[in-house]
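Below is one structure; the comments refer to it alone.
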Amino acid sequence: MLLRMSTLLLKTLREEPADAEVPSHRLLVRAGFVRRAAPGGYTWLPLGKLVLDRVAAIVQEEMAAAGGQEISFPALLPREPYETSGRWTEYGDDIFTLKDRRGADHLLAPTHEEMVTLLVQDMTGSYRDFPLILFQIQTKFRDEARPRGGLLRGREFLMKDAYSFDLTDDGLVEAYARMRAAYQRIFTRLGLEHTIVSAVSGAMGGSASEEFLASAEVGEDTYVGCTACDYAANTEAVVTPAPPAREVTAPPLAVHDTPETPTIASLVDLANTRALGGRTDWTAADTLKNVVVTVQHPGREPELLAIGLPGDREVDLKRLNAALAPATAVLFDGFDSRPDLVKGYIGPQDIKIRYLADPRVAPGTAWLTGANEPGKHATDVVCGRDFTPDGTVEAAEVRPGDTCPACGDGSLTMRRGIEIGHIFQLGRRYTDAFKVDVLGADGKPARPTMGCYGIGLSRAVAAIAEQHHDDRGLTWPAAIAPADVHIVAAGKDGQVEAALTLAGSLSRAGLRVLVDDRPNVSAGVKFTDAELIGISRCVVVGRRLSEGYVEVRDRRTQDRREVPLVDVAGVITTELG
RNA sequence: CGGGUCGUGGCGCAGCUUGGUCAGCGCGCUCGCCUUGGGAGCGAGAGGACGCGGGUUCGAAUCCCGCCGACCCGACCA
């Protein structure tokens with residue numbers, strides 16, 4: 001490959017684009033890799049397309065090595081299959097839908113579980129057709145409420161999704177493990193430092209699920225790690241260790257006048273001032289906070305739900321929503337129409353709506369909580385005696401320092417990352433929905449079980465840019481850089497010809513070459529552009545050319561050394577290793 | 001969807017409070033000269049319905065109303 005900058009569609013920007021905030025977005029636009037074309041939609045310019053294609057090639061190689069067969073589905077799909085799976089409504093506003101000229105509903109695919117399930121139903125009939133792994137690289141569409149971060153969250157993006165089909169649960173576990181290993185190889189080859197965390201399945205359904213998170217300040221996912229073991233999880237998937245049930249030793253419930261205490265802080269203050277229950281050491285953690293939310297189940301009437309949790313914790317709506325999926329919850333604000341729910345003084349005793357409690361609210365624990373009357377609270381409200389939750393829920397915020405749920409020893413730390421991959425053991429959710437049965441070895445019908453495995457390719461490019469840049473520009477890992485070597489013709493005119501000659505020979509030697517042969521562009525501009533574009537190896541054809549030397553530079557370390565012109569191919573090839 | 005900021009040549013911005021040679025600056029672009037190892041210099045140019053639609057006024061980029069769009073924070077999000 002030989003690319004000449006004199007003819008390349010490339011325009012580097014000296015100034016930062018006003019609409020770009022995160023480093024990857026700023027640099028990819030400034031260096032001429034992508035350009036915004038629509039809200040949440042980006043045009044891949046020649047340099048960017050080269051990178052994207054190299055990322056895709058690595059993914060294809062590893063998918064094939066893991067036994068995957070590549071196919072390609074349409075992006076424009078009819079409504080029916082998604083109606084059958086229930087996702088037409090579950091995905092809700094996040095799905096792009098449209099009508100054709102006859103008024104029939106269609107959608108722009110956000111993901112393809114339905115189609116691949118139908119395909120497998122159509123093309124298989126026997127246990128001999130399994131196991132099977134199919135994958136595709138496709139443009140996906142999601143009507144994101146708010147695209148952001150350039151390539152990091154678009155409404156249209158490139159994704160690799162793979163689907164495994166097995167007839168046994170063991171087979172699924174094996175396929176999942178194989179894909180998991182392939183993902184580790186892929187992200188390592190892409191130069192992405194990443195962590196695998198336990199996750200929740202969300203709208204996809206299914207059981208086991210893990211996310212691959214590329215560490216980055218601008219990441220949208222918060223995940224936890226443990227100081228003592230190798231536990232790692234998305235905050236949404238953190239399970240709260242429940243204390244064991246205990247004997248009820250608390251005195252009977254007692255109601256107290258607690259005027260003007262609608263908040264936990266004001267309640268704790270007053271409790272200590274008045275020595276409620278004979279104590280003056282009340283803390284927020286002794287109180288039971290009860291928060292009312294409106295829950296929307298797909299296609300049903302909204303339901304009111306109360307959440308009980310220790311008063312020193314806030315409700316984390318992300319965690320709550322993950323726990324309630326596919327239903328969604330928002331804070332309730334209609335207290336005026338519900339006199340039985342006294343805002344600021346709600347208690348779980350005889351509450352009229354469904355009540356779910358944090359796991360810390362274990363049987364036998366006693367709490368200071370609302371008495372369901374304005375200006376009154378109750379002490380010694382005991383779980384299991386004075387109230388019984390309808391279940392537990394993971395809705396409380398996770399905090400650094402919380403006890404690790406895996407080892408029970410270490411404490412949790414919190415970090416941010418970009419979700420670059422997500423793998424699921426879906427199970428039979430979709431094969432059940434479409435009643436996919438094949439003939440088993442025993443002559444009886446068998447229903448395949450599925451896994452699905454996604455990688456955001458365009459997002460991966462952005463994640464790589466987040467992890468590989470400095471104050472001068474991008475610093476691509478060699479495996480996915482737009483070229484192997486960037487040749488700069490510095491100095492007088494004769495050097496352009498020499499640079500082109502060198503470029504030709506390196507190209508014939510199998511290297512991917514970008515050569516800056518622009519006439520009438522000063523050396524300084526070329527150097528600055530080369531550093532912005534970020535190809536790892538740069539050859540400067542300049543002042544020592546007449547002596548038979550060129551300069552070889554390392555983009556990352558800024559090392560420079562003079563190399564005889566005749567040795568350049570060898571030096572570059574060796575160092576690229 | 002809530003909150004905030006903002007729409008002026010390709011890009012980044014000033015001008016708006018106090019309406020009237022305000023269509024302006026930097027970068028980029030074109031042509032010429034010069035320069036050629038760190039975003040050079042000089043000269044000459046091209047390019048803008050000031051987001052859209054109404055309104056006020058003798059006169060609107062500037063004031064008023066409505067709309068649209070973008071970005072940021074939050075909500076939401078394989």
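Every chain is numbered from 1, with letters handed out A, B, ... down the list of sequences.
The salt bridge (Lys or Arg N to Asp or Glu O under 4.0 Å) test with A:Arg319 singles out one residue from A:Glu394, A:Glu236, A:Glu397, and that residue is A:Glu394.
Of the two residues contacting RNA chain B, namely A:Ala145 and A:Leu13, the nearest-nucleotide position lying further toward the 5' end is that of A:Leu13. For the pair A:Lys140 and A:Arg553, both in contact range of RNA chain B, the more 5′-proximal nearest nucleotide belongs to A:Arg553.
Atom CZ of A:Phe332 has more than 12 heavy atoms from other residues, nucleotides or ligands within 6.0 Å.
One C1' atom belongs to B:C42, the other to B:C52, and the distance between them is 43 Å to the nearest Å. The same atom, P, is picked in B:G9 and in B:G3; the two are 29 Å apart, to the nearest Å. Nucleotides B:G55 and B:A44, compared at atom C1', are 44 Å apart to the nearest Å. On the C1' atoms, B:A14 is 32 Å away from B:G74, given to the nearest whole Å. One P atom belongs to B:U62, the other to B:A46, and the distance between them is 27 Å to the nearest Å. To the nearest whole angstrom, the two C1' atoms, one in B:G54 and one in B:A60, are 14 Å apart. Only the P atoms considered, B:G26 is 28 Å distant from B:G19, to the nearest whole Å. Look at the C1' atom in both B:G43 and B:C34: the space between them is 11 Å, to the nearest Å.
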Polar pairs (N or O, both sides) under 3.5 Å between protein and nucleotides 24-34 of chain B?
from  : atom 1 : to      : atom 2 : distance (Å)
B:G26 : N2     : A:Glu15 : OE1    : 2.7
B:C27 : O3'    : A:Arg14 : NH2    : 3.3
B:G28 : OP1    : A:Arg14 : NH2    : 3.1
B:G28 : O2'    : A:Lys11 : NZ     : 3.4

Between the protein and nucleotides 69-73 of chain B, are there any N/O to N/O pairs under 3.5 Å, and if so, what are the atom names and distances?
from  : atom 1 : to       : atom 2 : distance (Å)
B:C73 : OP2    : A:Arg146 : NH2    : 2.3

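Taking OH of A:Tyr183 as the start and CE of A:Met63 as the end, the distance is 5.0 Å to the nearest 0.5 Å.
Across all strands shown, B:G10 is found opposite B:C27 as a Watson-Crick or G-U wobble partner, with both distances under 3.5 Å. Searching all strands for a Watson-Crick or G-U wobble partner of B:U5 with both distances below 3.5 Å returns B:A70. B:G39 is unpaired under the Watson-Crick or G-U wobble criterion, no partner having all donor-acceptor distances under 3.5 Å. Judged by Watson-Crick or G-U wobble contacts below 3.5 Å, the nucleotide B:C77 has no partner. The pairing partner recorded for B:C50 is none, the criterion being a Watson-Crick or G-U wobble arrangement whose two distances lie under 3.5 angstrom. In this structure, B:U18 makes no Watson-Crick or G-U wobble pair, since no nucleotide meets both defining distances under 3.5 angstrom.
Heavy atoms of A:Arg459 sit nowhere under 4.0 angstrom from any nucleic acid atom. Residue-level contact check: A:Gly542 touches the bases, meaning some heavy atom is under 4.0 Å from a base atom. Residue A:Glu531 is in base contact, counting any heavy-atom pair closer than 4.0 Å across all strands shown. Contacts of A:Val330 with the nucleic acid, taken as non-hydrogen atoms under 4.0 Å apart, are absent. Among the protein residues, A:Phe212 comes within range of no part of the nucleic acid, since none of its heavy atoms lies under 4.0 Å from any strand. Residue-level contact check: A:Asn321 touches the backbone only, with heavy atoms under 4.0 Å from sugar-phosphate atoms and none from bases. No engagement by A:Arg35 is indicated, since no non-hydrogen atom pair under 4.0 Å with the nucleic acid exists.
Atom CE of A:Met159 is separated from atom C1' of B:C77 by 13 Å (rounded to the nearest Å). The distance between atom NE2 of A:His422 and atom P of B:C77, rounded to the nearest whole Å, is 13 Å. In this structure, A:Glu144 places its CD atom 15 Å from P of B:G74, rounding to the nearest Å. Atom-to-atom, CG of A:Leu10 to C1' of B:G10 comes out at 15 Å; the value is rounded to the nearest Å. Atom P of nucleotide B:G12 and atom CD of A:Glu16 are separated by 11 Å, given to the nearest angstrom. Across the protein-nucleic acid pair, A:Phe96 atom CZ and B:C77 atom C1' stand 13 Å apart, rounded to whole Å. Put simply, CG on A:Leu152 is 17 Å from C1' on B:C76, counting in whole angstrom units. Atom pair A:Arg518:CZ and B:A40:P shows a separation of 11 Å (rounding to whole Å applied).
Residues A:Thr222 and A:Arg416 have side chains that bring a donor and an acceptor to within less than 3.5 angstrom of each other. Side chain to side chain, A:Asp517 and A:Ser6 meet the donor-acceptor criterion of an N or O pair below 3.5 Å. A donor-acceptor contact closer than 3.5 angstrom links the side chains of A:Glu466 and A:Ser24. Between A:His112 and A:Gln136, the side chains place a donor N or O and an acceptor N or O closer than 3.5 Å (distance only, hydrogens not considered). No side-chain donor from either of A:Gln467 and A:Glu193 sits under 3.5 Å from a side-chain acceptor of the other.
One N or O donor and one acceptor, one from the side chain of A:Arg560 and one from the base of B:G38, sit under 3.5 Å apart. At a cut-off of 3.5 angstrom, counting only N and O atoms as typed in the model, there is a donor on one side and an acceptor on the other between the side-chain of A:Arg30 and the base of B:G39.
Put simply, A:Thr528 has no side-chain N or O that comes within less than 4.0 Å of OP1 or OP2 on B:G38.
The two residues A:Ala162 and A:Met179 have their closest heavy-atom pair at CB-CE, 3.5 Å.
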Go through the steps for A:Arg518 and A:Asp516 under the test salt bridge (Lys or Arg N to Asp or Glu O under 4.0 Å), then give the verdict.
CA-CA 6 Å; A:Arg518 291 176 294 178; A:Asp516 195 343; 2.9 Å; yes
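Sorted by first and then second residue, the salt bridge (Lys or Arg N to Asp or Glu O under 4.0 Å) pairs involving residues 24-47 of chain A (not counting sequence neighbours) are A:Glu16-A:Arg26, A:Glu16-A:Arg30, A:Asp19-A:Arg36.
Remark: side-chain polar atoms of A:Lys160 are paired, donor with acceptor, to backbone N or O of A:Tyr453 under 3.5 angstrom.
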